[in-house]
**Student:** 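First the structure, then my questions, so here it is.
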Amino acid sequence: MANVGAGMLTRTISSKKVNLKEAMLLAIKNNPSIKDRFKDANIIGNIDGWGLPLGSKKRKLSGNRIILCGDAASMIDPFSGEGISNAMYCGMRAAEVSRDAINSSNYTDDFLSGYDQFVYNRLWNELKLSHTLQKLCNYPSLFNFVVNKASKNETFRQTISCMFDDIDLREKLRKPSFYFKMLFG
Ligand SMILES: Cc1cc2nc3c(=O)[nH]c(=O)nc-3n(C[C@H](O)[C@H](O)[C@H](O)COP(=O)(O)OP(=O)(O)OC[C@H]3O[C@@H](n4cnc5c(N)ncnc54)[C@H](O)[C@@H]3O)c2cc1C
């Protein structure tokens, strides 16, 4: 069994009037690079949709007697769509700050705002970089160029694949030297 999905920015769905379920089914049926994988497949259950609260901008994460974690704090990586690890990090920090709040009987906005700093000090650079990469998808020719290169070169393919996990590797995508090496390397 496989869990199959398609994602798109909400504003693109609205502006281009996309029916995402239909688009996904069409891709499964017709897209030459994936259709063979599904030729004998049956759909089990309903196709469900859900919005992913992406961490594309800084938000206030706490207030009087409130701490937001994970999806409630919009902590999903805007490039990979992953939110579990960030939610766990938020949970860990929220527990620590809550412990300190209980010990000092202080649950004010001001006291709890230390939580925002902890979380963004650790996660903001990564979220910002992922948002930059997400915007790269607005340039299909550049994106297709990278993907086509990757499909022909095993080392490059591995590099791109590791970029989903490795923040230092992902940082390279922002550097012009990366594209220069890709062109001539
Ligand atoms: C289709 C899909 C695929 C995804 N794939 C990935 C992936 O591959 N990797 C990845 O890292 N992330 C993935 N994500 C994102 C990831 O699931 C979320 O970012 C992550 O689960 C957020 O954790 P959370 O604890 O903030 O929220 P949740 O996991 O949503 O937990 C919130 C919990 O609160 C409960 N709840 C809600 N209201 C109440 C209430 N009033 N009282 C009591 N309980 C309540 C809910 O039932 C739920 O159990 C995916 C998301 C979707 C929708």
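First listed ligand is number 1; within each ligand, the first listed atom is number 1.
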**Student:** Once side-chain contact (heavy atoms from CB on, under 4.5 Å) is applied, do any residues pair with F118, and if so which ones, sequence neighbours excluded?
**Tutor:**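 Residues passing side-chain contact (heavy atoms from CB on, under 4.5 Å) with F118: R93, V97.
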
**Student:** For ligand 1, list the protein residues that place a heavy atom within a distance below 4.0 Å of one of its atoms, sorted by chain and number.
**Tutor:**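 Only W50, L52, C69, G70, D71, I76, G81, E82, G83, I84, A87 have heavy atoms that fall under 4.0 Å of ligand 1, ordered by chain and number.
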
**Student:** Please name all residues satisfying side-chain contact (heavy atoms from CB on, under 4.5 Å) with K21, sequence neighbours left out, ordered by chain then number.
**Tutor:**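 Partners of K21 under the side-chain contact (heavy atoms from CB on, under 4.5 Å) test: N19, I47.
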
**Student:** What residues join I84 in its hydrophobic cluster, counting side-chain heavy atom gaps under 4.5 Å, either direct or through other members?
**Tutor:**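 Under the 4.5 Å side-chain rule, I84 groups with M88.
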
**Student:** If you group Ile, Leu, Val, Met, Phe, Trp and Tyr by side-chain heavy-atom gaps below 4.5 Å, do W124 and Y115 land in one group?
**Tutor:**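 Linked, W124 and Y115 end up in one cluster.
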
**Student:** Taking N106 for the side chain and F111 for the main chain, is one N or O donor matched with an acceptor at less than 3.5 Å?
**Tutor:**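 The answer is no, because no donor-acceptor pair under 3.5 Å joins these two groups.
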
**Student:** Does a sphere of radius 6.0 Å around CZ in R65 hold more than 12 heavy atoms from other residues, nucleotides or ligands, not counting ones at 6.0 Å or beyond?
**Tutor:**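 No, CZ of R65 has 12 or fewer neighbouring heavy atoms, counting only those of other groups under 6.0 Å.
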
